Participant: 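Sharing a structure with you now.
Fair warning: this is a prediction, and the values are worked out from it, not measured in the lab. Atom set for the values below is all heavy atoms of this structure, side chains included, hydrogens, waters and symmetry mates excluded.
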Amino acid sequence: MPSRRTQEQITELLDPATTVLLTVECQQGVVGPDSALPELAAAARSSGALANVARLVAAAHERGVQVMHAVAESRPDGRGGNRNARLFRAAARLPVQQHTGSTAVRVAPPIEVADEDFVVRRLHGLSPLAGTDVDPLLRNLGCRVLVVTGVSANIAVPNAVFDAVNLGYTAVVPADAIAGVPADYTPAMVRNTLALVATVTTTDAVLGSWRRPRGRAAGQGAATPA
């Protein structure tokens, strides 16, 4: 098994100049009070994951780390959207729809969107990266490390991590800033899958890294790398 990284190593990895914080589907129609997926919304809130995403976003704004919000949405007529999996067909029948321009596709409180943030919207697929503007934007920003947060640990988060790794980025996952259903699935996914391809850490470790001077960090072990 891989050894634990120290806080100093995490700090060196998460250089604000080459790191981007990605929030995945943290939108009102997914994690908000009127979610299309109330079980997932409850898990995101009761686990503290949504609050931790908000903490990370606030710290990124303060430290000058680029923030990107990946939002999944659909046209009211459904054109261009996938129909080739049970998930998509079930989503089309939900009482709350993630329609372009609706409240459902706004980033959910308590996450705050700053003027300098990017909001990248997709009309198709399962991944925030595949076939979207995320990859070219990351490259133009000089990103080397992508911190992946949000929902769900079942589908969109692992898709984001796999695509990031395949595209050559180093993926970092604060395990307490993602959520899925059922609740015990998320730690199993992290332990048995994400830890093999990403650096798994905590919200506090990431926050600590952005508070420390570059090259002078010190602290306790905080993460498990791939």
Side-chain angles (χ1 to χ4, degrees), residues 14 16 18-37 40-41 43-45 48-75 91 96-143 145-164 167 169 171-174 176-180 198 203 206-207 210:
L14 296 178
T18 55
T19 298
V20 171
L21 173 65
L22 179 70
T23 76
V24 177
E25 297 183 22
C26 291
Q27 57 204 72
Q28 293 193 37
V30 175
V31 296
D34 298 319
S35 170
L37 303 164
L40 178 58
R45 292 179 178 274
L50 187 62
N52 283 333
V53 175
R55 293 171 64 208
L56 288 165
V57 168
H61 290 158
E62 183 177 344
R63 189 66 175 84
V65 176
Q66 181 64 58
V67 178
M68 193 173 292
H69 306 278
V71 173
E73 58 184 45
S74 64
R75 288 168 49 118
V96 177
Q97 292 294 305
Q98 315 298 319
H99 286 162
T100 300
S102 69
T103 301
V105 298
R106 296 177 185 170
V107 175
I111 299 168
E112 295 186 359
V113 181
D115 290 342
E116 61 268 23
D117 293 359
F118 288 93
V119 179
V120 180
R121 303 178 183 278
R122 77 177 195 275
L123 292 170
H124 59 82
L126 300 171
S127 172
L129 275 73
T132 73
D133 289 338
V134 170
D135 180 40
L137 288 172
L138 293 177
R139 295 187 185 280
N140 290 343
L141 291 164
C143 175
V145 178
L146 187 65
V147 181
V148 180
T149 66
V151 298
S152 72
N154 304 75
I155 296 175
V157 167
N159 265 267
V161 171
F162 296 151
D163 285 344
L167 290 166
Y169 302 102
V172 174
V173 178
D176 55 355
I178 65 171
T203 295
V206 175
L207 296 177
W210 289 338

Participant: Indicate the atoms forming the closest heavy-atom contact of A60 with L21, along with that distance.
Facilitator: CB-CD2, 4.0 Å
Participant: Just jot down the salt bridge (Lys or Arg N to Asp or Glu O under 4.0 Å) partners of D135, sequence neighbours excluded, or say none.
Facilitator: R139
Participant: Side chains of Q27 and Q98: do they bring a donor and an acceptor to under 3.5 Å?
Facilitator: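 The criterion, which ignores hydrogens and geometry beyond distance, is satisfied for Q98 and Q27.
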Participant: On a heavy-atom basis, which atom in T132 and which in S127 lie closest, and how many Å separate them?
Facilitator: CG2-O, 4.1 Å
Participant: Tell me whether E62 at atom CD has more than 12 heavy atoms from other residues, nucleotides or ligands lying less than 6.0 Å away.
Facilitator: no
Participant: Over all heavy atoms of both residues, which pair between V24 and A156 is shortest? Give the atoms and the distance, please.
Facilitator: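 Here V24 and A156 meet closest at CG1-CB, 3.7 Å.
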Participant: Could you check V172 against L146 for side chain to side chain contact (heavy atoms under 4.5 Å, CB included), going step by step and ending with a plain yes or no?
Facilitator: CA-CA 6 Å; V172 174; L146 187 65; over 6 Å; no
Participant: Return the CZ to CG distance between R55 and L50, rounded to the nearest 0.5 Å.
Facilitator: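 Nearest 0.5 Å value for the CZ-CG distance: 12.5 Å.
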Participant: Could you check D34 against Q28 for side chain to side chain contact (heavy atoms under 4.5 Å, CB included), going step by step and ending with a plain yes or no?
Facilitator: CA-CA 7 Å; D34 298 319; Q28 293 193 37; over 6 Å; no
Participant: Tell me whether S152 contacts the main-chain N or O of G180 through its side chain, where contact means a donor paired with an acceptor under 3.5 Å.
Facilitator: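 No, because the side chain of S152 does not come within donor-acceptor range (under 3.5 Å) of the backbone of G180.
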Participant: Which atom names give the shortest non-hydrogen contact between W210 and A59, and what distance separates them?
Facilitator: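 Between these two residues, the closest heavy atoms are CE3-CB, 4.1 Å.
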Participant: Would you say the side-chain atoms of R121 pair up with the backbone N or O of V105, donor to acceptor, closer than 3.5 Å?
Facilitator: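 Answer holds: yes.
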Participant: For V148 versus I178, what's the shortest heavy-atom pair and its separation?
Facilitator: O-CG2, 4.0 Å
Participant: Can you tell me how far the CG atom of D133 sits from the CZ atom of F118, to the nearest 0.5 Å?
Facilitator: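 These two atoms lie 10.0 Å from each other.
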Participant: Does the side chain of T100 come under 3.5 Å of the side chain of E73 through a donor N or O and an acceptor N or O?
Facilitator: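 Judged by distance alone, the side chains do pair up.
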Participant: Over all heavy atoms of both residues, which pair between V161 and A198 is shortest? Give the atoms and the distance, please.
Facilitator: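 So the minimum-distance heavy-atom pair works out to CG1-CB, 4.0 Å.
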Participant: Evaluate side chain to side chain contact (heavy atoms under 4.5 Å, CB included) for L22 paired with L129, printing each intermediate quantity in order.
Facilitator: CA-CA 10 Å; L22 179 70; L129 275 73; 4.1 Å; yes
Participant: Determine whether a donor-acceptor pair (N or O, by modelled atom type, separation under 3.5 Å) exists between the side chain of T23 and the backbone of C26.
Facilitator: no
Participant: Within the side chain of R122, is there an N or O that forms a donor-acceptor pair under 3.5 Å with the backbone of V71?
Facilitator: no
Participant: Output yes when a side-chain donor or acceptor of D117 lies under 3.5 Å from a complementary backbone atom of V113, and no otherwise.
Facilitator: no
Participant: Sequence neighbours left out, what pairs pass side-chain hydrogen bond (donor to acceptor under 3.5 Å, both in side chains) with at least one residue falling in residues 102-112?
Facilitator: none
Participant: Would the distance check show the side chain of N52 and the main-chain N or O of T203 forming a donor-acceptor pair, the cut-off being under 3.5 Å?
Facilitator: no
Participant: Kindly determine whether L14 and V206 satisfy side chain to side chain contact (heavy atoms under 4.5 Å, CB included), including the steps that lead there.
Facilitator: CA-CA 8 Å; L14 296 178; V206 175; 3.9 Å; yes
Participant: So do the side chains of H69 and I111 get within less than 4.5 Å of each other, counting heavy atoms only?
Facilitator: yes
